[in-house]
Amino acid sequence: VEEALAAFESGLGVAPNHPALGLHRAHALRRLGRNREALSAYANAVQISPDLLDGWRGLARVQAVLGQVDDALISRARALKLAPRDREVAFEHAVALMLAGKVRDAVQGFEAALQVDADNAQAWSWLGRARLRLGDLSAARVAFEHARARDAQDPVIAHFHAATSGTLPDEIESDYIQCLFDDFADRFDHTLVQRLAYDTPASLARFLRQWNADGAVNVLDLGCGTGLMAQELVRPGRVIDGVDLSSRMLAHARIKGGYRELHTAEIGAFLRSSSLQWELIIAADVFIYMADLQPIFEAVRAHVAPGGFFAFSIECSASDCTELVAATGRYRHAPERICRELSEAGFVVIAREALVLRLESGQPVAGELLLARCAVV
């Protein structure tokens with residue numbers, strides 16, 4: 001792709017306003033993850049050729065990746081106007097409606113797509129998500145049953161099928177988590193920090209200081225994502241390692257810096273394969289994507305250095321059971337049960353703090369911070 005980009009740019013040096021060269025340069029930039037450059041390239045392409053269908057489609061895709069959902073909807077509408085009979089373009093417009101918050105209009109689009117092709121698993125899946133957004137769990141369950149029947153291998157469909165049917169998976173859903181965050185990586189910081197008032201990393205760092213647990217020289221950041229936790233913990237002389245399933249999230253963490261090493265792996269598998277120990281192991285909003293935490297606690301225990309700490313956040317369930325919330329696809333855990341599981345794994349819980357983790361549809365999400373230390377044998 002790098003070579004193709006160089007060729008397109010050489011061609012544009014000869015013919016600066018060549019529509020095809022400009023469009024394919026934009027495609028190449030997008031494939032390389034250089035989305036802001038791609039945004040400018042697509043915008044230039046459609047300015048030169050307003051009837052360039054793939055220009056508008058590409059522009060919408062990059063706008064969505066960058067969190068510009070309203071602009072993406074405008075671009076999708078332009079594409080649909082150019083190709084009103086194109087099924088794929090119509091479906092993309094329906095997805096854009098959904099992402100822009102126009103859920104009822106999106107439902108009409110997904111239903112129209114299914115009238116044409118009732119075996120479209122993705123249309124059923126998006127219809128299910130739209131029904132969840134509207135609070136219609138039974139209709140969402142039916143939609144995900146249809147989606148699952150047509151594509152049993154899709155990890156997102158499998159996850160929401162479980163969420164709407166009330167079943168908890170037996171294992172960590174690595175494929176779902178990787179798919180979710182690879183897609184979310186480029187707009188993760190903007191969406192959580194600026195739109196959802198997310199500040200769990202800062203809260204965890206403050207929590208550690210409050211309980212005199214912030215003296216670790218070496219730290220392991222589980223599910224480190226784009227590196228927001230390291231930004232709160234970095235200081236001279238401290239070494240921070242990170243692990244995450246999403247290589248695209250880790251690409252952003254590398255740009256931010258603060259880490260000694262970054263590993264692309266499922267955290268349980270990483271812990272089982274590592275021989276290292278850390279004075280602090282931390283997990284900010286990681287366990288909301290896992291049902292069974294006992295095996296993770298046991299794996300963490302083997303890697304906390306003597307006298308070290310384990311700190312993390314959870315979303316709180318309304319009962320003593322783990323809940324998979326259909327509307328969000330995230331897990332909520334019962335704090336008292338978590339404390340029992342920590343004790344069984346060889347930890348002593350030394351501090352807990354209730355707090356609001358983020359906003360969800362404008363409503364606060366109740367959570368808790370927990371700090372544990374290895375039990376004295």
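Model, not experiment: these values are computed from the prediction. The residues of the chain are indexed from 1 along the displayed sequence.
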K.L.:
Starting from the C-alpha separation in whole Å, work towards a yes-or-no answer on side chain to side chain contact (heavy atoms under 4.5 Å, CB included) for Asp151 and Trp124.
P.N.:
CA-CA 10 Å; Asp151 188 351; Trp124 281 114; over 6 Å; no
K.L.:
Is there a side-chain contact between Glu266 and Gln178 (heavy atoms, below 4.5 Å)?
P.N.:
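They are not in side-chain contact.
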K.L.:
How long is the span from the CZ atom in Phe297 to the CD atom in Glu341, to the nearest 0.5 Å?
P.N.:
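So the CZ of Phe297 and the CD of Glu341 are separated by 6.0 Å.
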K.L.:
For the residue pair Leu342 and Ala372, what are the closest heavy atoms and their distance?
P.N.:
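Looking at all heavy atoms of both residues, the closest pair is CD1-CB, 4.4 Å.
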K.L.:
So Pro335 and Ile314, do their side chains get closer than 4.5 Å, heavy atoms only?
P.N.:
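Touching, per the 4.5 Å side-chain cut-off.
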K.L.:
Is there a donor in the side chain of Arg104 and an acceptor in the side chain of Gln108, or the other way round, less than 3.5 Å apart?
P.N.:
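Result is no, nothing qualifies.
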K.L.:
Tell me the closest heavy-atom pair linking Met290 and Val286, and the distance in Å.
P.N.:
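Looking at all heavy atoms of both residues, the closest pair is CE-CG1, 3.9 Å.
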K.L.:
Are any of the side-chain heavy atoms of Thr164 and Leu137 separated by less than 4.5 Å?
P.N.:
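Side-chain contact under 4.5 Å: yes.
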K.L.:
Answer yes or no: is there a side-chain heavy-atom contact under 4.5 Å between Val107 and Leu97?
P.N.:
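Of all side-chain heavy-atom pairs linking Leu97 with Val107, none is under 4.5 Å.
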K.L.:
Please lay out, stage by stage, how Phe310 and Phe347 fare under the test ring pair (Phe, Tyr, Trp, His ring centres under 6.0 Å).
P.N.:
CA-CA 9 Å; Phe310 177 33; Phe347 287 101; 5.4 Å; yes
K.L.:
Quick check: is Leu73 connected to Leu59 through a chain of hydrophobic side chains (ILVMFWY, heavy atoms under 4.5 Å apart)?
P.N.:
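Cluster IDs for Leu59 and Leu73 differ.
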K.L.:
Can you name the closest pair of heavy atoms from Leu12 and Gly22 and give their distance?
P.N.:
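So the minimum-distance heavy-atom pair works out to CD2-N, 3.8 Å.
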K.L.:
Hey, is the main chain of Phe287 close enough, under 3.5 Å, to the side chain of His333 for a donor-acceptor pair?
P.N.:
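Flag set: sc His333 to bb Phe287 pair under 3.5 Å.
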K.L.:
CD of Glu232 to CG of Leu204: how many Å apart, nearest 0.5 Å?
P.N.:
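If I round to the nearest 0.5 Å, the distance is 9.5 Å.
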K.L.:
His303 vs Trp278 aromatic rings, parallel, tilted or perpendicular, using cut-offs 30° and 60°?
P.N.:
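Tilted: the ring planes of His303 and Trp278 meet at 30° to 60°.
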K.L.:
Is there a side-chain contact between Phe91 and Trp126, using heavy atoms and a 4.5 Å cut-off?
P.N.:
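In short, these two side chains touch, coming nearer than 4.5 Å.
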K.L.:
Under the salt bridge (charged side-chain N to carboxylate O under 4.0 Å, His left out) criterion, do Glu336 and Arg352 qualify, and how do the steps go?
P.N.:
CA-CA 10 Å; Glu336 296 298 334; Arg352 294 168 53 182; 3.0 Å; yes
K.L.:
Output yes when a side-chain donor or acceptor of Arg238 lies under 3.5 Å from a complementary backbone atom of Leu233, and no otherwise.
P.N.:
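Judged by distance alone, yes, a pair lies under 3.5 Å.
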K.L.:
Does the Arg131 side chain pair with the main chain of Ala139, one donor and one acceptor, at a distance under 3.5 Å?
P.N.:
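Side chain of Arg131 to backbone of Ala139, a donor-acceptor pair under 3.5 Å: no, none is there.
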K.L.:
May I ask you to say whether Arg31 pairs ionically with Glu37, meaning some side-chain N is under 4.0 Å from a carboxylate O?
P.N.:
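Not counted as a salt bridge, because no side-chain N and carboxylate O are separated by less than 4.0 Å.
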K.L.:
Counting distance only, does the side-chain N/O of Arg332 pair as donor-acceptor with the main-chain N or O of Leu324 below 3.5 Å?
P.N.:
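Answer holds: no.
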K.L.:
Taking the six-membered ring for Trp, are Tyr289 and Tyr331 closer than 6.0 Å centroid to centroid?
P.N.:
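No, too far apart.
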K.L.:
Any side-chain heavy-atom pair from Tyr42 and Arg30 closer than 4.5 angstrom?
P.N.:
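Yes, side chains in contact.
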K.L.:
I'd like to know if the side chain of Trp56 and the backbone of Pro50 have a donor-acceptor N/O pair within less than 3.5 Å.
P.N.:
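At least one qualifying donor-acceptor pair exists.
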K.L.:
CG of Leu262 to OG of Ser247: how many Å apart, nearest 0.5 Å?
P.N.:
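Result: 11.5 Å between the selected atoms.
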K.L.:
The test is side chain to side chain contact (heavy atoms under 4.5 Å, CB included); show your working for Val348 and Ser343 and say whether it passes.
P.N.:
CA-CA 6 Å; Val348 173; Ser343 178; over 6 Å; no
K.L.:
Applying the 4.5 Å side-chain criterion to the ILVMFWY set and letting contacts propagate, would Phe110 and Ile157 be lumped into a single cluster?
P.N.:
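Different clusters: Phe110 never reaches Ile157 through Ile, Leu, Val, Met, Phe, Trp or Tyr contacts under 4.5 Å.
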K.L.:
State plainly whether one hydrophobic cluster holds both Leu32 and Leu66, where clusters connect Ile, Leu, Val, Met, Phe, Trp and Tyr through side-chain heavy atoms under 4.5 angstrom apart.
P.N.:
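Cluster IDs for Leu32 and Leu66 differ.
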K.L.:
Going by atom types alone, do Arg129 and Ser125 pair a side-chain donor with an acceptor below 3.5 Å?
P.N.:
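A donor-acceptor contact under 3.5 Å links the two side chains.
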K.L.:
Can you establish whether the number of heavy atoms outside Gln47 located under 6.0 Å from its atom CD is more than 12?
P.N.:
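No, the 6.0 Å shell around CD holds no more than 12 heavy atoms from other groups.
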K.L.:
Are Leu29 and Leu23 grouped together when hydrophobic residues (ILVMFWY) are joined by side-chain heavy atoms under 4.5 angstrom apart?
P.N.:
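Cluster IDs for Leu29 and Leu23 differ.
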K.L.:
More than 12 heavy atoms of other residues, nucleotides or ligands under 6.0 Å from CZ of Arg57: is that the case?
P.N.:
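Yes, CZ of Arg57 has more than 12 neighbouring heavy atoms, counting only those of other groups under 6.0 Å.
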K.L.:
Indicate yes or no: does Arg260 engage Asp241 in a salt bridge with an N to O separation below 4.0 Å.
P.N.:
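Yes, this pair counts.
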K.L.:
Do the charged groups of Arg337 and Asp320 touch, with an N to O distance under 4.0 Å?
P.N.:
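Salt bridge: no.
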K.L.:
Quick one: are Pro201 and Gln231 in side-chain contact, heavy atoms under 4.5 Å?
P.N.:
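They are not in side-chain contact.
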K.L.:
Taking Ser75 for its side chain and Asp71 for its backbone only, find out whether a donor-acceptor pair lies under 3.5 Å.
P.N.:
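Yes, the answer is positive, given that a donor and an acceptor are paired below the 3.5 Å cut-off.
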K.L.:
Determine whether a donor-acceptor pair (N or O, by modelled atom type, separation under 3.5 Å) exists between the side chain of Glu279 and the backbone of Val217.
P.N.:
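Yes, because the side chain of Glu279 sits within donor-acceptor range (under 3.5 Å) of the backbone of Val217.
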K.L.:
Test your reading of the model: is there a side-chain donor-acceptor pair from Asn218 to the backbone of Val239, 3.5 Å cut-off?
P.N.:
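Looks like no, no N/O pair under 3.5 Å.
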K.L.:
How many angstroms lie between atom CD of Glu368 and atom CZ of Phe207, to the nearest 0.5 angstrom?
P.N.:
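These two atoms lie 8.0 Å from each other.
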K.L.:
Are Asp154 and Gln122 close enough, and set up right, to give a side-chain hydrogen bond (donor to acceptor under 3.5 Å, both in side chains), and what steps lead you there?
P.N.:
CA-CA 9 Å; Asp154 186 289; Gln122 288 303 313; 3.1 Å; yes
K.L.:
Which value, rounded to the nearest 0.5 Å, describes the distance between Cys339 atom SG and Leu370 atom CG?
P.N.:
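Spacing of SG (Cys339) from CG (Leu370) equals 5.5 Å.
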K.L.:
Evaluate the ring pair (Phe, Tyr, Trp, His ring centres under 6.0 Å) criterion for residues His27 and Phe8: first the C-alpha distance (whole Å), next the side-chain angles of each, then the deciding distance (0.1 Å), finally the verdict.
P.N.:
CA-CA 10 Å; His27 289 335; Phe8 296 137; 8.9 Å; no
K.L.:
Has Arg254 got more than 12 heavy atoms of other residues, nucleotides or ligands less than 6.0 Å from its CZ?
P.N.:
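Counting other residues, nucleotides and ligands, CZ of Arg254 exceeds 12 neighbours.
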K.L.:
Between CG of Asp244 and CD1 of Ile177, what distance do you get to the nearest 0.5 Å?
P.N.:
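Going from CG on Asp244 over to CD1 on Ile177, the span is 9.0 Å.
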K.L.:
Indicate yes or no: at least one non-hydrogen side-chain atom of Leu21 is less than 4.5 angstrom from one of Arg25.
P.N.:
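When only atoms from C-beta onward are counted, Arg25 and Leu21 do not touch, as no gap falls below 4.5 Å.
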K.L.:
Under a 3.5 Å cutoff, is there a donor and acceptor pairing between the side chains of Asp70 and Gln63?
P.N.:
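The criterion, which ignores hydrogens and geometry beyond distance, is not satisfied for Gln63 and Asp70.
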K.L.:
Give the intermediate values and the outcome of side chain to side chain contact (heavy atoms under 4.5 Å, CB included) for residues Leu222 and Ile281.
P.N.:
CA-CA 7 Å; Leu222 297 177; Ile281 297 181; 3.6 Å; yes
K.L.:
On a heavy-atom basis, which atom in Ala38 and which in Ala26 lie closest, and how many Å separate them?
P.N.:
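Smallest heavy-atom distance, with atoms named: CB-O, 3.8 Å.
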K.L.:
Do you know which two heavy atoms are closest between Ala326 and Leu132, and how far apart they sit?
P.N.:
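Where Ala326 meets Leu132 most closely, the heavy atoms are O-CD1, 3.1 Å.
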K.L.:
I'd like to know whether Asp214 forms a salt bridge (charged side-chain N to carboxylate O under 4.0 Å, His left out) with Arg209, so could you lay out the CA-CA distance, the side-chain angles of the two residues, the decisive distance to 0.1 Å, and finally the verdict.
P.N.:
CA-CA 5 Å; Asp214 63 338; Arg209 293 191 298 270; 5.2 Å; no
K.L.:
Step by step, would you call Tyr176 with His159 a ring pair (Phe, Tyr, Trp, His ring centres under 6.0 Å)?
P.N.:
CA-CA 7 Å; Tyr176 165 69; His159 178 78; 3.8 Å; yes
K.L.:
Where is the tightest heavy-atom contact between Val304 and Phe309, given as atom of each residue plus distance?
P.N.:
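Between these two residues, the closest heavy atoms are CG1-N, 3.8 Å.
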K.L.:
Would a single hydrophobic cluster contain both Leu127 and Leu99, if residues Ile, Leu, Val, Met, Phe, Trp and Tyr are joined by side-chain heavy-atom contacts under 4.5 Å?
P.N.:
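Yes: a chain of side-chain contacts under 4.5 Å links Leu99 to Leu127.
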K.L.:
Does a donor on one side chain sit under 3.5 Å from an acceptor on the other, for Asp51 and Ser49?
P.N.:
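Their side chains do not contain a donor-acceptor pair, so the 3.5 Å distance test is not met.
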